[in-house]
Amino acid sequence: MSRFYVTTPIYYVNDVPHLGHAYTTITVDALRRYHLLRGDETRMLTGTDEHGLKIEREAQERGKTPIGLATEMSARFRELWPKLEIVPDDFIRTTEKRHEDLAQELWKTVAAKEDIYLDHYEGWYCVGCEELKTEKELLPGNICPLHQRPVERIKEESYFFRLSKYQQPLLDLYEKHPEFAQPESRRNEVVSFVRSGLRDLSVSRTSFKWGIPVPGDPKHVMYVWFDALANYWTAAQDTAAHKKFWNDGTVVHLVGKDILRFHAVYWPAFLMSAGLPLPKTVYAHGFLTINGQKMSKALRNAVDPLGIARAFGSVAGSGEAGADILRYQLLRAIAFGQDGDLDLAAMVERYNADLGKNLGNLLARTLGLCTKLTGGKRPAAAKVTDLESDLLNEAKRAASRARDEWDAIAPHRALEITWGLSSAANAYVDRAAPWAEAKKGDQARIGTILATLLEVLRILSVMIWPVLPKKSDEMRAQLGLSPLASQIGRDAWPSGAEFLPGGGTLAPGAPLFPTVDEDGARALLETLTPRIPAEGANADAAAPATASASASASATASTPTESPSSVTYDQFAAVDLRVGRVRSAERVPKKDKLLLLKVDVGEAEPRTIVAGLALSFRPEDLVGKRVIVVANLAPRDFGKGLISHGMLLATGPSEKLALATVAAEVEPGAKLK
RNA sequence: GCCGGAGUAGCUCAGAUGGUUAGAGCGGGCGUUUCAUACGCGCUAGGUCGGGGGUUCGAUUCCCUCCUCCGGCACCA
């Protein structure tokens with residue numbers, strides 16, 4: 001028994017919740033539930049990250065205040081979680097006063113250690129863009145590519161955190177506590193990153209306002225990571241009881257692999273500086289694909305977690321059941337820590353096999369036997385034979401091994417072991433053959449067999465609770481047991497057989513996991529198959545008009561749209577767009593994406609154009625193609641004498657580009673207007 | 001191109017600090033029971049453990065090299 005504090009990252013409010021968010025949060029919730037069962041004092045935190053230039057801009061574009069936009073988006077997350085059976089103990093927003101005050105306090109503490117200092121970083125500033133440009137973004141001669149005017153060399157004032165000072169302490173931490181950064185392969189990356197040298201970290205900005213003011217210097221706001229990372233600590237400072245979680249508890253952060261560095265390097269450095277205890281473990285999980293496809297905004301109907309859950313639930317008897325099923329699939333099918341794929345067809349198969357035929361049917365056949373052979377009452381156990389003790393030993397061993405896997409944050413293994421027990425129980429039914437005993441009229445033997453099965457089912461109902469809470473309740477109701485209730489200090493994880501006295505009433509009900517037949521599976525796959533919305537069409541309107549699509553509509557409405565600021569006609573007319581014909585194309589050595597093209601645009605000599613097309617086209621396929629060329633774009637130097645004199649218009653992701661062209665047979669050089 | 005990870009049965013993956021017949025689940029095939037959601041149980045997969053080379057008495061497991069795939073980074077005006 002101990003104190004367990006587990007967190008998700010706080011989610012940035014520029015996006016609606018998708019399957020990736022749900023995956024992390026479901027995992028954290030399952031861990032939370034597991035520790036509740038163990039009798040631990042348990043706390044789960046999630047929330048939203050709401051500051052930053054992106055939100056400030058987006059709010060402006062949409063005619064909202066930053067806080068208005070953030071509040072609206074934050075609510076999406078907060079409201080989604082309970083529908084997936086996720087019950088956070090706290091939900092923090094970085095715009096809340098409790099966070100802002102304490103983040104400033106943390107800043108002051110670190111500053112008092114002289115770990116924060118004021119300096120400048122230099123950069124190229126484009127007045128038109130109102131932002132700093134990196135050298136790489138600029139055209140030769142330090143020209144802003146967007147505004148075609150020279151950028152200015154400016155110094156922006158910034159506070160810096162003395163990260164370099166913590167290089168050795170961090171290396172010592174990884175050495176002494178290898179469990180701090182997990183999985184191991186990721187830890188190695190972190191270690192080599194730190195070993196390669198740490199530079200001080202810029203932790204404030206003056207270029208935007210939407211953030212937490214720096215104490216004592218309000219023209220600065222804290223830059224993203226100082227503000228965001230602090231949430232884990234600020235959320236646990238409101239009461240003495242909560243403070244104990246940080247000061248005297250096991251703190252575990254689950255994060256995506258993309259943000260491990262911030263959590264395993266910057267965050268412990270901040271905490272070391274502030275003299276605060278460090279988390280025990282930062283565990284990075286992998287990325288999810290759906291049906292083998294990367295998640296993207298274009299697929300957002302398909303990656304809406306509630307949509308998937310409800311659609312699945314509806315073919316499996318009730319929409320409400322879907323959350324449990326999705327939770328099971330995500331935690332069972334994906335090796336935690338590795339990248340994974342949510343394959344919908346495989347999800348149906350696994351549902352039928354594991355949940356329906358294995359566990360669901362075990363419950364149904366056991367209760368059916370009780371109805372027939374013991375009058376629907378819970379039988380008392382008499383003398384157990386080797387068959388029973390083998391199974392009960394197996395149950396004890398499975399519970400113990402699954403517990404170890406949960407402790408190691410390996411839910412996929414814990415579930416594998418749990419289902420191994422269910423399989424063993426099915427095999428036991430056949431060996432013990434209570435129906436054969438019934439013919440012999442051996443009531444005591446029947447009682448023992450059925451009591452053994454009921455006990456194993458009870459154990460299973462506990463072991464599945466972290467992942468399948470609703471189904472656990474349902475299962476227990478049929479077994480005549482009350483829903484699980486946790487109690488601090490009482491370890492409810494199964495440790496061995498505890499035969500209940502005979503006589504209690506059993507309540508067989510509807511199948512726990514009704515099998516999905518082929519028609520159901522087909523309907524489900526049709527509903528959920530990712531579909532790229534038609535060009536220019538509203539994505540929601542283009543989604544298939546099915547029950548689940550409409551169920552998910554509320555969670556996918558008004559996604560931010562990109563509305564480019566308008567240009568005047570004169571500005572537009574200044575762009576020289578021409579039809580060109582590709583004369584030749586070849587790959588550029590050592591540049592995976594680039595092709596070197598010679599394009600005839602009606603001039604004496606073909607233009608040399610370097611374009612990022614190599615992921616989508618083979619050079620030979622481009623030769624002869626009619627393309628649209630921006631002919632008066634400033635030349636761009638790619639190094640080694642490679643200079644591009646123009647740009648081709650195209651659309652799509654870089655690995656699936658479509659080139660713009662004209663429908664009619666037009667001669668090279670023709671101008672577009 | 002650089003840095004990671006991975007390439008094992010139809011599919012998803014596990015595993016061995018080098019050693020008699022390389023494992024699991026799902027799917028497939030055969031058999032079988034009848035309590036159950038036509039569900040369970042038993043048997044069954046003849047896989048060069050990505051290719052090549054090396055070390056060794058012996059490698060799929062160690063070393064080198066090559067290939068392929070997946071991430072990340074860079075290039076992508």
Side-chain angles (χ1 to χ4, degrees), chain A residues 136-140 143-146 148 183-186 188-189 192-193 196 257-258 260-261 286-287 289 292 294 316-317 332-335 337-341 343 345-346 348-350 352-373 412-413 416 419-420 422-438 446 449-450 453 508 510-517 588-595 609-616 630 633-640 642-650 653-655 657:
Chain A
K136 281 174 289 191
E137 287 178 283
L138 300 174
L139 301 176
I143 305 288
C144 167
L146 289 176
Q148 297 294 318
E184 192 185 335
S185 60
R186 300 269 159 218
N188 294 339
E189 288 178 19
S192 64
F193 172 76
S196 73
K257 63 182 182 180
D258 53 330
L260 177 63
R261 175 184 299 179
F287 285 163
T289 53
K294 281 176 82 165
R332 173 71 203 266
I334 297 161
Q338 295 181 19
D339 289 343
D341 182 47
D343 182 284
V348 175
E349 272 181 20
R350 191 180 284 285
N352 281 339
D354 291 1
L355 298 181
K357 298 176 185 177
N358 196 322
L359 180 61
N361 187 54
L362 175 66
L363 177 70
R365 68 196 300 207
T366 301
L367 292 176
L369 285 164
C370 290
T371 301
K372 286 191 183 170
L373 303 180
H412 60 295
R413 290 182 193 269
E416 186 181 5
W419 257 261
S422 182
S423 290
N426 269 318
Y428 166 79
V429 184
D430 277 41
R431 288 204 197 92
W435 50 90
E437 301 298 337
I446 288 170
I449 294 168
L450 294 178
L453 283 167
L512 200 56
F513 300 105
T515 310
V516 175
D517 61 18
V588 180
K590 304 202 178 191
K591 310 281 184 195
D592 289 355
K593 284 197 176 179
L594 300 184
L595 292 180
I609 294 178
V610 179
L613 303 173
L615 262 35
S616 300
V630 182
L633 191 66
R636 156 107 174 150
D637 190 351
F638 285 84
K640 302 202 173 158
L642 262 187
I643 297 175
S644 182
H645 298 272
M647 181 175 98
L648 304 191
L649 298 187
S654 60
E655 65 279 8
L657 283 168

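Letters go in sequence order (proteins before strands), and every chain restarts at 1. In this text, all values refer to a predicted model and were calculated from it rather than measured experimentally.
- Residues passing the side chain to side chain contact (heavy atoms under 4.5 Å, CB included) test with A:L373, sequence neighbours excluded: A:L369, A:P434, A:A438, A:I446, A:L450.
- Between A:L260 atom CG and B:rC73 atom P the separation is 14 Å, expressed in whole Å.
- Of the listed nucleotides (B:rU37, B:rG71, B:rG42), B:rU37 has the atom at the smallest distance from the side chain of A:L512.
- For A:A345, the side chain to side chain contact (heavy atoms under 4.5 Å, CB included) test picks out A:D343, A:L525, with sequence neighbours left out.
- A distance of about 16 Å separates the C1' atoms of B:rC13 and B:rC70, rounded to the whole Å.
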Listing time: all N or O pairs from protein to nucleotides 32-35 of chain B that are below 3.5 Å?
residue : atom : partner : partner atom : Å
B:rC35  : O3'  : A:K372  : NZ           : 3.0
B:rC35  : O2   : A:R365  : NE           : 3.1
B:rC35  : N3   : A:R365  : NE           : 3.4
B:rC35  : N3   : A:R365  : NH2          : 2.6
B:rC35  : N4   : A:R365  : NH2          : 3.1

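- When the P atom is compared between B:rG47 and B:rC3, the two are found 37 Å apart, to the nearest whole Å.
- Considering only residues two or more places apart in sequence or on other chains, A:E416 meets the side-chain hydrogen bond (donor to acceptor under 3.5 Å, both in side chains) condition with none of them.
- Comparing the C1' positions of B:rG25 and B:rU20 gives a spacing of 27 Å, expressed to the nearest Å.
- Looking at heavy-atom distances under 4.0 Å, A:S423 makes contact with sugar-phosphate atoms alone, never a base.
- In secondary-structure terms, RNA chain B builds stems of at least 3 consecutive Watson-Crick or G-U pairs, each pair having both distances under 3.5 Å, at B:1-7 with B:67-73, B:10-13 with B:23-26, B:28-32 with B:40-44, B:50-54 with B:62-66.
- Listed by chain and residue number, A:L391, A:E394 satisfy the side chain to side chain contact (heavy atoms under 4.5 Å, CB included) test with A:A424 (two or more places apart in sequence, or in another chain).
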What protein N or O atoms touch nucleotides 25-30 of chain B N or O atoms at under 3.5 angstrom, if any, and at what distances?
residue : atom : partner : partner atom : Å
B:rC26  : O2'  : A:E349  : OE1          : 3.2

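- Remark: A:D430 engages A:R365, A:W435 in a side chain to side chain contact (heavy atoms under 4.5 Å, CB included) (not counting sequence neighbours).
- Take A:R350 and apply the side-chain hydrogen bond (donor to acceptor under 3.5 Å, both in side chains) test, not counting sequence neighbours, and it matches A:D354.
- Relative to the side chain of A:R413, the nucleotides B:rG40, B:rA14, B:rU37 differ in distance, and B:rA14 lies closest.
- Here A:S422 pairs with A:N358 under the side-chain hydrogen bond (donor to acceptor under 3.5 Å, both in side chains) rule; sequence neighbours left out.
- In this structure, A:W419 atom CH2 and B:rA14 atom P are separated by 20 Å, rounded to whole Å.
- Residue-level contact check: A:L363 touches neither bases nor backbone, having no heavy atom under 4.0 Å from any strand.
- Here A:K357 pairs with nothing under the side-chain hydrogen bond (donor to acceptor under 3.5 Å, both in side chains) rule; sequence neighbours left out.
- Closest to the side chain of A:F287, from the set B:rU37, B:rG72, B:rC41, is B:rG72.
- Residue A:Q338 places none of its side-chain N or O atoms closer than 4.0 Å to OP1 or OP2 of B:rU12.
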